[in-house]
S.K.: 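Would you mind keeping the following structure in view while I ask a few things?
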Amino acid sequence: MIRRIVLSFTLFSFWSVTMLAQKKQIENSSVYWELNSGILTISGIGAMPKVDSWPWEFKRIEKVIIKDGVTSVGEWAFRANGSVYGARYLRSVEIGNTVTTIGRCAFVDCTNLSSVNFGNSVTSIEWSAFSGCSSLQSIVLPNSVTSIGENAFQDCTSLQSIILPNSLASIGEDAFQDCTSLQSIVLPNSLTSISKNLFCGCSRLQSVKIGNSVSSIGESAFWRCTNLHTVFIPNSVTLIGKFAFSGCSNLQSIIIPYHTTYMEYAFSDCKNLTITRKIKGQNNSECEIITENKDGRCGLKDSGGNWVVSIGTYQEIVPFADNYLRIKSNWKFGLIKYNGAEVIAPELDALEQAGKGYLKFKINGFWGVMNYQGKIIIPTSRGYTFIGNYVSLTKRFSYEMDGYKGECNHLGQQVSKIKVATPKPSTSVASSSSSSSSSSSSSSSTASSNSSSSNNSGNKTTTIVVEHQHTPQPVQEWQACFGCGGMGTMGCDNCGGSGTKYIGDRLHRCSRCNGRGIIPCNMCYGSKGKYVTVYR
């Protein structure tokens with residue numbers, strides 16, 4: 001009897017010691033791990049450190065329990081790398097209420113993970129934390145979460161629903177990319193932007209509700225969401241990026257607010273889409289630009305819903321400035337008014353705003369400037385390869401042409417011209433015999449650099465001639481006065497240039513211009529211009 005008691009006590013002591021031995025410290029932290037029958041328990045106090053090679057990698061882990069007291073899940077903590085090692089058998093995770101951060105790649109590629117219970121203190125889910133968890137079907141994030149990192153749930157192909165809290169302030173790029181089972185999403189009002197590629201490739205996504213604080217929709221955010229048919233764009237959105245809804249082949253209609261700009265190709269390959277772009281017309285009236293992606297046809301409706309420009313007249317109609325709309329037809333650009341009147345025919349290769357009252361246009365690779373009435377101020381025959389916006393303070397445009405930079409005034413006259421591009425160093429290699437060394441030396445006297453070397457035979461020299469760049473020198477150049485156009489005189493503003501005026505009922509000679517109709521220019525005082533410094 002005594003032996004049995006002693007033996008039982010001994011077995012119990014051995015089992016207890018064995019169990020206690022399984023609870024081990026992680027690195028030098030105050031966090032410990034214990035593995036029992038496939039259940040891994042993390043306990044202790046403080047942050048869970050990053051460890052390159054965890055001691056349980058060789059074990060079969062099916063469940064992870066993180067106790068209160070632990071404040072973070074370490075980076076790469078329970079990764080499954082597809083081999084016999086790692087947490088590839090992990091099915092469920094319970095996160096304690098003191099954990100605030102789920103580290104980078106914490107559960108990456110845990111393909112059997114189907115259930116995650118988040119504690120109520122988690123604020124941050126970092127980069128690729130659950131990426132590749134292809135068995136995860138639903139997620140409910142607590143109201144404490146403020147940020148979701150890049151690629152956080154990428155390739156969670158079984159994820160059908162996720163509830164995002166109102167505390168969420170940011171979601172990183174690609175966070176839900178290729179979640180091919182996700183069917184609907186509601187983005188909270190706390191979110192201010194939709195990042196690049198956020199729902200790219202979510203092929204079963206059908207509806208999206210965008211919060212009222214979102215100001216921008218990033219590039220390719222909903223690219224290839226082929227089942228998406230319902231999107232409401234709130235008034236808070238000011239920018240829709242390139243390819244944002246590209247390839248959404250089932251998207252039927254979308255309404256773009258007044259102030260929202262959408263980039264090129266934002267709705268490309270949306271074959272069945274009709275885009276209604278609301279704009280403010282004359283007298284602040286509401287108009288609509290209708291674009292049918294199916295045929296690439298555009299039209300314009302007034303506030304009463306009547307067609308101002310019939311559908312199919314142009315390939316593109318976009319708000320421009322003041323009371324004008326830019327049009328495109330056969331890949332050429334022009335300008336119309338809100339009443340449909342064509343101001344500039346669609347014959348230009350490019351058309352852009354160039355400051356208040358001016359337009360930049362491009363023909364055959366060269367730029368010019370005109371006003372909104374189509375009057376050309378700077379013709380493309382000048383050969384300008386670049387023209388900057390009009391600066392009202394100096395009343396000038398910047399330009400570039402044929403290796404020069406400069407400025408011209410609002411009348412199109414050049415004010416300055418500076419050479420900025422000089423010939424590149426050129427080398428010429430000439431081989432000659434020793435008998436022609438005198439000619440080589442005479443040639444080298446015109447060069448800035450000369451080096452000679454003998455080849456293997458010892459009877460030839462190689463001369464390298466380098467042409468140095470020329471430093472532009474200041475030169476005084478006469479510049480015609482732009483006020484009088486180089487005439488030296490201007491029309492008299494007293495008589496309107498007629499030389500006479502009525503006083504009472506009698507015609508008198510104008511005393512200001514002495515009957516000539518002209519007076520000296522008040523800018524150049526009759527000198528017709530001035531000298532300016534340019535560089536040649």
Side-chain angles (χ1 to χ4, degrees), residues 261 318-326 332-335 337 343-345 347-423 469-493 497 518-536:
T261 300
V318 296
F320 205 59
D322 299 328
N323 293 318
Y324 297 93
L325 300 165
R326 191 178 70 181
K332 298 290 184 178
F333 296 92
L335 209 64
K337 290 186 175 182
V343 180
I344 300 172
E347 299 172 347
L348 308 173
D349 297 333
L351 184 63
E352 300 176 6
Q353 296 181 44
K356 188 171 183 179
Y358 296 101
L359 300 170
K360 295 187 291 188
F361 67 97
K362 190 177 186 180
I363 297 176
N364 296 327
F366 297 107
W367 288 90
V369 174
M370 65 172 70
N371 61 22
Y372 278 85
Q373 287 70 47
K375 180 181 178 181
I376 295 178
I377 297 167
I378 302 175
T380 56
S381 58
R382 291 280 183 87
Y384 293 151
T385 54
F386 166 82
I387 292 181
N389 289 344
Y390 177 69
V391 180
S392 57
L393 183 64
T394 59
K395 297 183 178 180
R396 295 176 181 179
F397 299 90
S398 59
Y399 70 83
E400 293 180 14
M401 60 176 294
D402 193 26
Y404 289 87
K405 284 185 178 181
E407 290 182 321
C408 53
N409 60 33
H410 64 291
L411 300 177
Q413 300 163 330
Q414 287 187 357
V415 177
S416 64
K417 186 177 180 182
I418 301 173
K419 191 170 185 178
V420 293
T422 53
Q469 295 188 22
H470 169 68
T471 302
Q473 299 296 323
V475 177
Q476 292 294 307
E477 182 178 273
W478 182 259
Q479 179 67 60
C481 171
F482 67 83
C484 64
M487 300 293 293
T489 55
M490 303 179 70
C492 173
D493 59 356
I518 55 175
I519 58 174
C521 171
N522 58 5
M523 300 191 73
C524 68
Y525 302 101
S527 65
K528 302 184 181 181
K530 62 180 179 178
Y531 280 102
V532 295
T533 302
V534 297
Y535 289 82
R536 294 280 185 264

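One-based numbering along the sequence shown.
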S.K.: Can you find a pair of side-chain heavy atoms, one from T385 and one from E400, that are under 4.5 Å apart?
M.R.: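 With C-beta onward as the side chain, the pair touches.
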
S.K.: Under 6.0 Å from the CE atom of M487, do we count more than 12 heavy atoms belonging to anything else shown?
M.R.: no

S.K.: In the structure I gave you, are the side-chain heavy atoms of F361 and E352 within less than 4.5 Å of one another anywhere?
M.R.: no

S.K.: Kindly indicate whether the side chain of N389, heavy atoms from C-beta on, has any atom under 4.5 Å from the side chain of Q353.
M.R.: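 No, side chains not in contact.
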
S.K.: Working to the nearest 0.5 Å, report the span between CG of L325 and NZ of K337.
M.R.: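 Answer for the CG-NZ pair, L325 versus K337, is 11.5 Å.
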
S.K.: Give me the ring orientation class for Y390 and F397: parallel if the planes are under 30° apart, tilted from 30 to 60°, perpendicular past 60°.
M.R.: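 Answer is tilted, since the angle falls between 30° and 60°.
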
S.K.: Who pairs with K332 by side chain to side chain donor-acceptor pair (under 3.5 Å), at least two apart in sequence or on another chain?
M.R.: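 Counting only residues at least two positions away or on another chain, K332 forms a side chain to side chain donor-acceptor pair (under 3.5 Å) with D349.
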
S.K.: In sequence, state the C-alpha distance, the side-chain angles, and the governing distance for F333 and K362, and then conclude on side-chain contact (heavy atoms from CB on, under 4.5 Å).
M.R.: CA-CA 10 Å; F333 296 92; K362 190 177 186 180; over 6 Å; no

S.K.: Could you pull out the closest heavy-atom pair between C524 and G488, with the gap in Å?
M.R.: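 Closest pair (atom of C524, atom of G488, distance): SG-CA, 4.2 Å.
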
S.K.: Side-chain contact, heavy-atom cut-off 4.5 Å: Y399 with K417?
M.R.: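 In short, these two side chains touch, coming nearer than 4.5 Å.
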
S.K.: Is any side-chain heavy atom of R326 closer than 4.5 Å to one of V318?
M.R.: yes

S.K.: Does any non-hydrogen side-chain atom of L359 lie less than 4.5 Å from one of I344?
M.R.: yes

S.K.: For M490 and C484, work out which heavy atoms get closest and say how close.
M.R.: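 Smallest heavy-atom distance, with atoms named: CG-CB, 3.9 Å.
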
S.K.: Determine all donor-acceptor pairs shorter than 3.5 Å in which one atom belongs to a side chain in residues 366-383; sequence neighbours excluded.
M.R.:
from	atom 1	to	atom 2	distance (Å)
N371	OD1	Q373	N	3.0
N371	OD1	G374	N	3.1
N371	OD1	K375	N	2.9
R382	NH1	Y384	OH	3.3
R382	NH1	G412	O	2.6
R382	NH2	G412	O	2.7

